[in-house]
Amino acid sequence: MCGIVGIVSREPVAQVLYDALLVLQHRGQDAAGIVVCDGNKLNLRKNNGQVSDVFHTRHMLELTGNMGIGHVRYPTAGCSSSAEAQPFYVNSPYGITLAHNGNLTNVDKLKAELYQSDLRHINTESDTEVLLNVFAHELHSCGSLQLNAEEIFTAITETHKRIEGAYAVVAMLTGKGILGFRDPSGIRPVVYGKRESDSGTEYMIASESVALQASGFELIADLRPGEAVFIDADGEIFVRQCASHTELTPCIFEYVYLARPDSIIDDIYVYKARLRMGVKLARKILRQMPEHDIDVVIPIPDTSRPAAMELAYHLGVKFREGFIKNRYIGRTFIMPGQKMRKKSVRRKLNPIDIEFKGKNVLLVDDSIVRGTTSQQIIQMAREAGAKKVYIASAAPPVRYPNVYGIDMPAAHELVAHDRSEEEIAAAIGADWLIYQDLDDLIDAVQKGNRGIKRFDCSCFDGKYVTATIDDDYLDRVSNLRNDSARTQAEERLNVVGMELHNNA
């Protein structure tokens, strides 16, 4: 899960890119980057940290230019590394910078092809660098000195043929324009829009519509699966379908957790979808516990709040805010290591004792992944004086790893893997646990756009929408991305950092 943005204007774009990345900060807090084009010169700033940490006034003053792209990142493999901050750059052809959200699932094969056939060197472990070099090779094969939109779309078509997985991409061709494209399954979101200014029409490409809205851009459309958009330096826009076999199967977890509630993804209002999740969950509770003894419904901030409010209303139970959130702590779900996740929960949330004392409390969360956060929050509720602590999840049990860019890498690290609901409740310390049914979740989201016939629900049902995911692949991913591997990688980085410090 990452956030991408690109802008073409006749005025300086650095501040608008910065503002858009702030709005997309929820999609990644590990690293941030902006590159802008000033004539034929690129100005780049990227580093580890949140947007406000990476970009200071002195950096912004150096980011001159009227078109550019930006990225916020969280790590899906290994650990944090500034070497993998995006955008990435390759000088041939034309000078291309690229950022992407998602995950390529045939990256090992691509690395071999790039070295043996394309004669290209890959310098990091990032699949974004691989994607950039594949696209660069295809553009070199298709393009001419006077590059045009047709040649760019041909290169994207050839890129689609080689890469597999989930990808929403924004790229800049130095002095020529900005492009965006989406994988043939439409797993990760990407939209584009425009705004009118005194100097003419400006265009933005972004992960979520809220990034456009925040800067006064009008949403034109989501990119359809396999579709690409190119905006040249003069502000002319071209849109083309670049893949032959497409089916819109967006990631349903975007609607559960990843996206901001004020975004619209594939014509579905995220906030309304989350309200409907609450209604579905309330109906299930009433079926299973018609004589329930719930005194109060309390959301686990922030993503679960719409579902919790609607659930409380349909149960006829009081809704109360029971936790105060420290907004200066990042999302624990996307923390790079288990130790850091455990430490951050109590720093992030503080209970309001009066809302718990002597009550049977139903906590509502958007989902339960590793169970680390849920376990600690349930304990906090008990310490605050709750008689009983129930927990409801607006999503079904997360039993399978996600391979499309979300940090759910190893099945054995998922609390629901190979456990019944009663066993999960015992593991996290709840008196009772209830999950959303998958059919109800799909219906709650699909109601916003009945034209979508299928969602990627792989973390819930183990059915992957791309063809090449098998047990061997999942084992390799697990070995590379589990918390043990992350810890070892972090320790290696610490050793390298100490050596650099001592040699300085």
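Basis for what follows: all heavy atoms, side chains included, without hydrogens, waters or symmetry-related copies.
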Glu150 backbone acceptor or donor facing Thr154 side chain under 3.5 Å: yes

Atom of His100, atom of Ala166 and distance for their closest heavy-atom approach: NE2-O, 4.1 Å

Short side-chain to backbone donor-acceptor contact, Asn326 and Lys348, under 3.5 Å: no

Nearest heavy atoms of Phe460 and Pro397, plus distance in Å: CD2-O, 3.5 Å

Beyond-backbone contact of Ile7 with Met67, side-chain heavy atoms, under 4.5 angstrom: no

Note, Glu321 side chain near Pro299 side chain (heavy atom, < 4.5 Å): yes

Ile428 vs Ile391 side-chain heavy atoms within contact, under 4.5 Å: yes

OH (Tyr269) with more than 12 external heavy atoms under 6.0 Å: no

Reported NZ-to-CG distance for the pair Lys111 and Asp127, which is rounded to 0.5 angstrom: 8.5 Å

Exam field: side chain Arg73 to backbone Pro87, donor-acceptor pair closer than 3.5 Å: no

Ion pair Glu208/Arg260, N-O distance below 4.0 Å: no

Exceeds 12 heavy-atom contacts within 6.0 angstrom, atom OH of Tyr94: yes

Check: Val36 and Ile69 side chains under 4.5 Å, non-hydrogen atoms: no

Glu227/Arg240 ion pair, N-O < 4.0 Å: no

Where Leu21 and Ile34 come nearest, the two heavy atoms and their spacing: CD1-CG1, 3.6 Å

Test item: Thr124 side-chain N/O and Ser126 main-chain N/O as donor-acceptor pair under 3.5 Å: yes

Backbone of Gln25 reached by a side-chain donor or acceptor of Gln50 within 3.5 Å: no

Donor-acceptor under 3.5 Å (Thr157 side chain, Cys242 main chain): yes

Pairing of Arg450 and Asp443 as salt bridge, 4.0 angstrom limit: yes

Glu138 (side chain) donor-acceptor with Phe135 (main chain) under 3.5 angstrom: no

Cationic N near anionic O, under 4.0 Å, Glu202 to Arg195: yes

Side-chain donor/acceptor of Asp461 to backbone N/O of Lys463, under 3.5 Å: yes

Presence of salt bridge, Arg188 and Glu254, under 4.0 angstrom: yes

Trace of the side chain to side chain contact (heavy atoms under 4.5 Å, CB included) decision for Phe88 with Thr97: CA-CA 5 Å; Phe88 277 88; Thr97 48; over 6 Å; no

Verdict with reasoning, Asn133 to Glu129, per side chain to side chain donor-acceptor pair (under 3.5 Å): CA-CA 6 Å; Asn133 276 274; Glu129 187 187 15; 4.5 Å; no

Test item: Asn106 side-chain N/O and Lys109 main-chain N/O as donor-acceptor pair under 3.5 Å: no

OH on Tyr435 to OG on Ser367, rounded to 0.5 Å: 9.0 Å

Evaluation steps, side chain to side chain contact (heavy atoms under 4.5 Å, CB included), between Ser52 and Tyr18: CA-CA 9 Å; Ser52 58; Tyr18 177 92; 3.9 Å; yes

Intermediate values then yes/no, side chain to side chain contact (heavy atoms under 4.5 Å, CB included), Thr128 and Leu104: CA-CA 8 Å; Thr128 303; Leu104 302 187; over 6 Å; no

Gap separating the CD1 atom of Ile96 from the CG atom of Leu179, nearest 0.5 angstrom: 8.5 Å

Arg182 side chain to Val191 backbone, donor-acceptor under 3.5 Å: no

Candidate pair Ile298 and Val364, rule side chain to side chain contact (heavy atoms under 4.5 Å, CB included), full reasoning: CA-CA 6 Å; Ile298 292 177; Val364 180; over 6 Å; no

Between His160 and Phe181, ring centroids under 6.0 Å: yes

Approximate separation, where rounding is to 0.5 Å, of Leu363 CG and Ile300 CD1: 5.0 Å

Nearest heavy atoms of His314 and Ala282, plus distance in Å: CB-CB, 3.7 Å

Non-hydrogen side-chain atoms of Asp456 and Pro250 separated by less than 4.5 Å: no

Non-hydrogen side-chain atoms of Leu131 and Tyr167 separated by less than 4.5 Å: yes

Basic-acidic side-chain contact under 4.0 Å: Asp302, Arg305: yes

More than 12 heavy atoms of other groups within 6.0 Å of Tyr89 OH: yes

Beyond-backbone contact of Ser141 with Glu158, side-chain heavy atoms, under 4.5 angstrom: no

Side chain to side chain, Leu212 and Ile220, heavy atoms closer than 4.5 Å: no

Lys/Arg-Asp/Glu bridge criterion (N-O < 4.0 Å) met for Arg454, Glu247: yes

Pair Thr466-Tyr404, side-chain donor/acceptor within less than 3.5 Å: yes

Pair Lys284-Asp440, salt bridge (Lys or Arg N to Asp or Glu O under 4.0 Å): steps then yes or no: CA-CA 9 Å; Lys284 183 175 180 181; Asp440 283 345; over 6 Å; no

Distance, nearest 0.5 Å, that separates CZ of Arg283 from CG of Leu315: 11.5 Å

Non-hydrogen atoms of Val72 and Gly28 that approach each other most closely: CB-O, 3.5 Å

Heavy-atom neighbours of Asp470 CG exceed 12 at 6.0 Å: yes

Charged N-O contact under 4.0 Å between Glu310 and Arg276: no

Note: Lys176-Asp232 ion pair, threshold 4.0 Å (strictly below): no

Distance in Å, Ile152 CD1 paired with Leu147 CG, rounded so as to fall on 0.5 Å steps: 4.0 Å

Heavy-atom pair of closest approach, residues Ala312 and Phe319: CB-CB, 3.8 Å

